[in-house]
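Heads up: the structure comes next, in C-alpha coordinates.
Below, all heavy atoms of this structure are taken into account, side chains as well, without hydrogens, waters or symmetry copies. Note that the numbering runs from 1 along the sequence shown for the chain.
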Amino acid sequence: MPFKENFNNANAITIGASQGIGLGFVKQLIQDIRVNKIYATYRQEETAQELLDLTEEYPDKLTSLQMDITDESQIVTVVKNISAQINKLHLVINCVGLLHEGDLQPEKSLKHINPENLLRYFQINSIGAVLLAKHLLPLFRHPEPSVFASISAKVGSIGDNQLGGWYGYRASKAALNMLMRTTAIEYGRSSPQTLVITLHPGTTDTRLSRPFQRNVPPEKLFSVERTVSQLLTVIEKLEPGDSGQFFSWDGSKLPW
(Lines give C-alpha, C1' and ligand atoms only; values in the text may rest on other atoms or scores of the structure.)
Protein backbone atom coordinates (compact mmCIF):
# COMPACT_ATOMS: atom_id res chain seq x y z
CA MET A 1 0.00 0.00 0.00
CA PRO A 2 1.51 3.39 -0.98
CA PHE A 3 2.60 5.67 1.86
CA LYS A 4 -0.01 8.29 0.91
CA GLU A 5 -2.83 5.91 1.88
CA ASN A 6 -1.74 6.23 5.52
CA PHE A 7 -0.48 9.82 5.50
CA ASN A 8 -2.96 11.61 7.78
CA ASN A 9 -2.76 13.69 10.96
CA ALA A 10 1.00 13.65 10.41
CA ASN A 11 3.92 15.28 12.19
CA ALA A 12 6.81 16.39 9.97
CA ILE A 13 10.32 17.83 10.29
CA THR A 14 12.22 19.63 7.57
CA ILE A 15 15.94 19.93 8.31
CA GLY A 16 17.65 22.87 6.61
CA ALA A 17 14.53 24.89 5.94
CA SER A 18 15.82 28.46 5.79
CA GLN A 19 15.94 28.57 1.98
CA GLY A 20 15.88 26.55 -1.22
CA ILE A 21 14.29 23.11 -1.29
CA GLY A 22 13.90 22.93 2.50
CA LEU A 23 11.87 26.14 2.61
CA GLY A 24 9.88 24.88 -0.38
CA PHE A 25 8.90 21.75 1.56
CA VAL A 26 7.75 23.86 4.51
CA LYS A 27 5.57 26.02 2.24
CA GLN A 28 3.88 23.01 0.64
CA LEU A 29 3.44 21.06 3.88
CA ILE A 30 1.81 24.09 5.55
CA GLN A 31 -0.92 23.94 2.92
CA ASP A 32 -1.39 20.15 3.31
CA ILE A 33 -4.40 19.44 5.53
CA ARG A 34 -3.01 15.95 6.26
CA VAL A 35 -0.11 17.51 8.18
CA ASN A 36 -0.73 18.35 11.82
CA LYS A 37 2.59 19.81 13.00
CA ILE A 38 5.73 20.92 11.12
CA TYR A 39 9.09 21.50 12.73
CA ALA A 40 11.69 23.31 10.64
CA THR A 41 15.35 23.84 11.43
CA TYR A 42 17.67 26.61 10.28
CA ARG A 43 21.34 27.34 10.99
CA GLN A 44 21.59 31.14 10.77
CA GLU A 45 18.89 33.59 11.73
CA GLU A 46 20.00 36.16 9.16
CA THR A 47 19.27 33.80 6.25
CA ALA A 48 16.03 32.42 7.70
CA GLN A 49 13.79 35.49 7.71
CA GLU A 50 11.21 34.05 5.31
CA LEU A 51 10.93 30.89 7.43
CA LEU A 52 10.63 32.91 10.64
CA ASP A 53 7.91 35.05 9.06
CA LEU A 54 6.00 31.89 8.12
CA THR A 55 6.34 30.69 11.71
CA GLU A 56 4.66 33.87 12.94
CA GLU A 57 1.93 33.47 10.32
CA TYR A 58 1.20 29.81 11.22
CA PRO A 59 2.09 29.58 14.94
CA ASP A 60 -0.17 26.59 15.61
CA LYS A 61 1.25 24.49 12.78
CA LEU A 62 4.88 25.54 12.27
CA THR A 63 7.71 25.65 14.80
CA SER A 64 11.19 26.82 13.78
CA LEU A 65 14.27 25.70 15.67
CA GLN A 66 17.90 26.79 15.27
CA MET A 67 20.30 23.90 14.73
CA ASP A 68 23.70 23.24 13.17
CA ILE A 69 23.67 19.69 11.80
CA THR A 70 27.44 19.38 12.37
CA ASP A 71 26.98 19.79 16.15
CA GLU A 72 25.54 16.63 17.73
CA SER A 73 24.66 18.42 20.97
CA GLN A 74 22.42 20.82 19.01
CA ILE A 75 20.67 17.87 17.35
CA VAL A 76 20.08 16.34 20.80
CA THR A 77 18.61 19.61 22.11
CA VAL A 78 16.27 20.03 19.15
CA VAL A 79 15.04 16.43 19.36
CA LYS A 80 14.40 16.89 23.09
CA ASN A 81 12.37 20.03 22.40
CA ILE A 82 10.32 18.26 19.74
CA SER A 83 9.84 15.15 21.92
CA ALA A 84 8.39 17.35 24.68
CA GLN A 85 5.56 18.31 22.30
CA ILE A 86 4.93 15.17 20.22
CA ASN A 87 5.67 11.47 20.66
CA LYS A 88 5.81 10.36 17.02
CA LEU A 89 7.01 11.49 13.62
CA HIS A 90 5.67 10.52 10.20
CA LEU A 91 7.87 12.47 7.78
CA VAL A 92 11.43 13.76 8.11
CA ILE A 93 13.11 15.43 5.15
CA ASN A 94 16.78 16.28 5.52
CA CYS A 95 17.56 19.04 3.02
CA VAL A 96 20.92 20.15 4.40
CA GLY A 97 23.66 20.12 1.78
CA LEU A 98 26.90 21.84 0.85
CA LEU A 99 28.31 22.28 -2.65
CA HIS A 100 30.18 25.57 -2.33
CA GLU A 101 30.82 28.32 0.22
CA GLY A 102 33.43 31.05 0.01
CA ASP A 103 36.77 29.50 -0.99
CA LEU A 104 35.29 26.00 -0.92
CA GLN A 105 34.39 25.12 -4.49
CA PRO A 106 33.88 21.77 -6.29
CA GLU A 107 37.27 20.37 -7.29
CA LYS A 108 37.93 20.15 -11.04
CA SER A 109 41.02 17.95 -10.63
CA LEU A 110 43.24 16.28 -8.02
CA LYS A 111 45.39 19.40 -7.69
CA HIS A 112 42.41 21.15 -6.06
CA ILE A 113 41.98 18.54 -3.30
CA ASN A 114 42.04 20.15 0.14
CA PRO A 115 41.64 17.96 3.25
CA GLU A 116 39.83 20.62 5.27
CA ASN A 117 37.30 21.08 2.46
CA LEU A 118 36.80 17.32 2.19
CA LEU A 119 36.08 17.13 5.91
CA ARG A 120 33.58 19.97 5.61
CA TYR A 121 31.76 18.19 2.78
CA PHE A 122 31.50 14.99 4.82
CA GLN A 123 30.46 16.77 8.01
CA ILE A 124 27.50 18.46 6.33
CA ASN A 125 26.50 16.09 3.52
CA SER A 126 27.07 12.73 5.21
CA ILE A 127 27.64 12.68 8.97
CA GLY A 128 24.82 15.08 9.86
CA ALA A 129 22.22 12.77 8.32
CA VAL A 130 23.30 9.70 10.26
CA LEU A 131 23.35 11.72 13.50
CA LEU A 132 19.75 12.68 12.76
CA ALA A 133 18.91 9.02 12.21
CA LYS A 134 20.54 8.17 15.54
CA HIS A 135 18.60 10.69 17.60
CA LEU A 136 15.24 10.64 15.78
CA LEU A 137 14.80 6.87 16.08
CA PRO A 138 12.68 7.02 19.29
CA LEU A 139 10.14 9.28 17.52
CA PHE A 140 9.84 6.75 14.69
CA ARG A 141 9.10 3.81 17.02
CA HIS A 142 5.35 3.67 16.54
CA PRO A 143 3.04 1.48 14.45
CA GLU A 144 2.11 4.07 11.80
CA PRO A 145 3.89 4.27 8.39
CA SER A 146 6.60 6.92 8.25
CA VAL A 147 9.40 8.15 5.98
CA PHE A 148 12.88 9.47 6.67
CA ALA A 149 14.16 11.03 3.42
CA SER A 150 17.49 12.74 2.74
CA ILE A 151 18.26 14.88 -0.28
CA SER A 152 21.19 13.27 -2.09
CA ALA A 153 22.42 13.85 -5.65
CA LYS A 154 22.84 11.82 -8.81
CA VAL A 155 26.52 12.80 -8.87
CA GLY A 156 26.84 10.72 -5.70
CA SER A 157 26.11 7.59 -7.75
CA ILE A 158 29.37 5.67 -8.26
CA GLY A 159 27.87 3.66 -11.13
CA ASP A 160 26.69 6.78 -12.93
CA ASN A 161 29.96 8.74 -12.63
CA GLN A 162 31.27 9.27 -16.17
CA LEU A 163 32.71 12.80 -15.91
CA GLY A 164 34.86 12.79 -12.76
CA GLY A 165 35.65 15.95 -10.82
CA TRP A 166 33.71 17.27 -7.83
CA TYR A 167 35.58 14.85 -5.56
CA GLY A 168 34.32 16.05 -2.20
CA TYR A 169 30.69 16.56 -3.18
CA ARG A 170 30.47 13.25 -5.07
CA ALA A 171 32.16 11.28 -2.29
CA SER A 172 30.15 12.86 0.52
CA LYS A 173 26.86 12.16 -1.28
CA ALA A 174 27.99 8.56 -1.98
CA ALA A 175 28.75 8.29 1.75
CA LEU A 176 25.30 9.69 2.54
CA ASN A 177 23.74 7.00 0.34
CA MET A 178 25.68 4.25 2.13
CA LEU A 179 24.91 5.63 5.59
CA MET A 180 21.20 5.83 4.79
CA ARG A 181 21.18 2.37 3.19
CA THR A 182 22.76 1.02 6.38
CA THR A 183 20.32 3.01 8.54
CA ALA A 184 17.45 1.51 6.55
CA ILE A 185 18.61 -1.98 7.51
CA GLU A 186 18.78 -1.13 11.23
CA TYR A 187 15.48 0.78 11.15
CA GLY A 188 14.00 -2.29 9.44
CA ARG A 189 14.65 -4.17 12.68
CA SER A 190 13.98 -1.48 15.29
CA SER A 191 11.35 0.67 13.51
CA PRO A 192 10.02 -1.55 10.69
CA GLN A 193 7.26 0.79 9.51
CA THR A 194 9.80 3.57 8.72
CA LEU A 195 11.08 3.82 5.15
CA VAL A 196 14.57 5.35 4.88
CA ILE A 197 15.38 6.71 1.42
CA THR A 198 17.64 9.14 -0.44
CA LEU A 199 16.34 11.44 -3.17
CA HIS A 200 17.90 13.11 -6.20
CA PRO A 201 15.96 16.36 -6.75
CA GLY A 202 17.26 17.18 -10.23
CA THR A 203 18.90 20.53 -10.90
CA THR A 204 16.85 23.06 -8.96
CA ASP A 205 17.12 26.83 -9.26
CA THR A 206 18.62 27.51 -5.82
CA ARG A 207 21.66 29.28 -4.39
CA LEU A 208 23.45 25.90 -4.26
CA SER A 209 23.16 25.25 -8.01
CA ARG A 210 23.20 28.80 -9.39
CA PRO A 211 26.93 28.96 -10.28
CA PHE A 212 26.63 25.67 -12.20
CA GLN A 213 23.48 26.19 -14.26
CA ARG A 214 25.07 27.45 -17.47
CA ASN A 215 24.97 24.12 -19.34
CA VAL A 216 21.64 22.93 -17.95
CA PRO A 217 18.85 22.86 -20.58
CA PRO A 218 15.91 25.07 -19.50
CA GLU A 219 13.55 22.09 -19.33
CA LYS A 220 15.94 20.36 -16.89
CA LEU A 221 16.22 23.35 -14.53
CA PHE A 222 13.38 23.03 -12.04
CA SER A 223 11.80 25.70 -9.88
CA VAL A 224 11.84 24.94 -6.13
CA GLU A 225 8.05 24.51 -6.22
CA ARG A 226 8.25 21.93 -9.01
CA THR A 227 11.09 20.03 -7.33
CA VAL A 228 9.22 19.82 -4.02
CA SER A 229 6.00 18.68 -5.72
CA GLN A 230 7.90 15.99 -7.63
CA LEU A 231 9.71 14.73 -4.54
CA LEU A 232 6.53 14.67 -2.45
CA THR A 233 4.92 12.59 -5.21
CA VAL A 234 7.83 10.12 -5.01
CA ILE A 235 7.44 9.95 -1.21
CA GLU A 236 3.68 9.43 -1.40
CA LYS A 237 4.09 6.55 -3.85
CA LEU A 238 6.62 4.68 -1.69
CA GLU A 239 5.77 1.05 -0.97
CA PRO A 240 6.81 -0.97 2.12
CA GLY A 241 9.69 -2.64 0.23
CA ASP A 242 11.29 0.65 -0.87
CA SER A 243 13.35 1.35 2.25
CA GLY A 244 17.06 1.73 1.57
CA GLN A 245 16.59 2.85 -2.05
CA PHE A 246 17.94 5.86 -3.97
CA PHE A 247 15.22 7.56 -6.03
CA SER A 248 15.35 10.22 -8.72
CA TRP A 249 12.80 13.04 -8.88
CA ASP A 250 10.72 11.08 -11.42
CA GLY A 251 10.43 8.02 -9.18
CA SER A 252 13.02 5.90 -10.99
CA LYS A 253 15.69 4.12 -8.94
CA LEU A 254 19.28 5.28 -9.38
CA PRO A 255 22.36 3.01 -9.36
CA TRP A 256 24.67 3.09 -6.38
Considering all heavy atoms of both residues, which atom of Ser157 and which atom of Pro255 are nearest to each other, and what is their separation? OG-O, 2.8 Å
Side chains of His142 and His90: does their closest heavy-atom pair fall under 4.5 Å? yes
To the nearest 0.5 Å, how far apart are CG in Leu137 and CG in Leu89? 11.0 Å
Quick check on Asp103: does its CG atom have over 12 non-hydrogen neighbours (other residues, nucleotides or ligands) under 6.0 Å away? no
Are side-chain heavy atoms of Thr14 and Val26 found at a separation under 4.5 Å? yes
Taking atom types as modelled, find out whether Glu72 and His135 have a side-chain donor-acceptor pair closer than 3.5 angstrom. yes
Nearest heavy-atom approach of Ala133 to Phe148 is CB-CE2, 3.4 Å
Test item: Lys80 and Val76 side chains (from C-beta on) under 4.5 Å apart, heavy atoms: yes
Considering residues, nucleotides and ligands other than Lys61, do more than 12 of their heavy atoms fall under 6.0 Å from its NZ? yes
Any Ile82 side-chain heavy atom under 4.5 Å of Leu65 side chain: yes
Step-by-step side chain to side chain contact (heavy atoms under 4.5 Å, CB included) determination, Val155 to Asn161: CA-CA 7 Å; Val155 295; Asn161 183 2; over 6 Å; no
Should Met178 and Ile124 be regarded as members of a common hydrophobic cluster, given that ILVMFWY residues are connected when their side-chain heavy atoms come within less than 4.5 Å of each other, either directly or indirectly? no
Side-chain donor-acceptor pair under 3.5 Å between Ser229 and Gln28, yes or no? yes
Steps toward side chain to side chain contact (heavy atoms under 4.5 Å, CB included) verdict (Val92, Leu136): CA-CA 9 Å; Val92 173; Leu136 289 173; 3.9 Å; yes
Please say whether more than 12 non-hydrogen atoms of neighbouring residues, nucleotides or ligands are located less than 6.0 Å from CD1 in Ile158. no
Give a yes or no on whether a salt bridge exists between Asp242 and Lys253, defined as a side-chain N under 4.0 angstrom from a carboxylate O. yes
Indicate whether the side chain of Asn81 and that of Gln85 have a donor and an acceptor atom separated by less than 3.5 Å. no
Before giving the answer on side-chain hydrogen bond (donor to acceptor under 3.5 Å, both in side chains), spell out for Ser191 and Gln193 the whole-Å C-alpha distance, their side-chain angles and the decisive distance to 0.1 Å. CA-CA 6 Å; Ser191 179; Gln193 82 298 331; 3.1 Å; yes
Heavy-atom pair of closest approach, residues Leu231 and Pro201: CD1-CB, 3.9 Å
For a side chain to side chain contact (heavy atoms under 4.5 Å, CB included) with Met67, tell me which candidate from Val96, Ile15, Thr77, Val79 qualifies. Ile15
Going by heavy atoms in the side chains, are Ile21 and Val228 under 4.5 Å from each other? yes
Flag for Ser64-Thr55: side-chain donor and acceptor within less than 3.5 Å: yes
Looking only at side-chain N and O atoms, does Ser243 offer a donor or acceptor that is under 3.5 Å from a partner on Gln245? no
With no hydrogens and no angle check, do the side chains of Ser146 and Thr194 hold a donor and an acceptor under 3.5 Å apart? yes
Where Tyr167 and Glu107 come nearest, the two heavy atoms and their spacing: N-OE1, 2.9 Å
Minimal non-hydrogen separation, Leu199 against Ala149, with atom names: CD1-CB, 3.9 Å
Can you tell me if CD on Glu101 sees more than 12 non-hydrogen neighbours from other groups inside 6.0 Å? yes
Compare all side-chain heavy atoms of Ile69 with those of Asn94 and state whether any distance is below 4.5 angstrom. yes
Joint cluster assignment, Trp166 & Leu118, ILVMFWY side-chain distance < 4.5 Å: no
Supply the atom-to-atom distance Thr198 OG1 to Leu179 CG, rounded to the nearest 0.5 angstrom. 11.0 Å
Heavy atoms of Gly156 and Lys173 approach each other most closely as CA-CB, 3.8 Å
When rounded to the nearest 0.5 angstrom, what is the spacing between CD1 in Ile38 and CG in Leu91? 9.5 Å
Phe7 versus Ile235: any side-chain heavy-atom pair under 4.5 Å? no
Check whether any side-chain heavy atom of Phe3 lies under 4.5 Å from a side-chain heavy atom of Pro145, and answer yes or no. yes
Between Phe246 and Trp256, what is the ring plane arrangement, given parallel below 30°, perpendicular above 60°, and tilted in between? parallel
Which distance, rounded to the nearest 0.5 Å, do you find between the OH of Tyr169 and the CG of Leu98? 8.5 Å
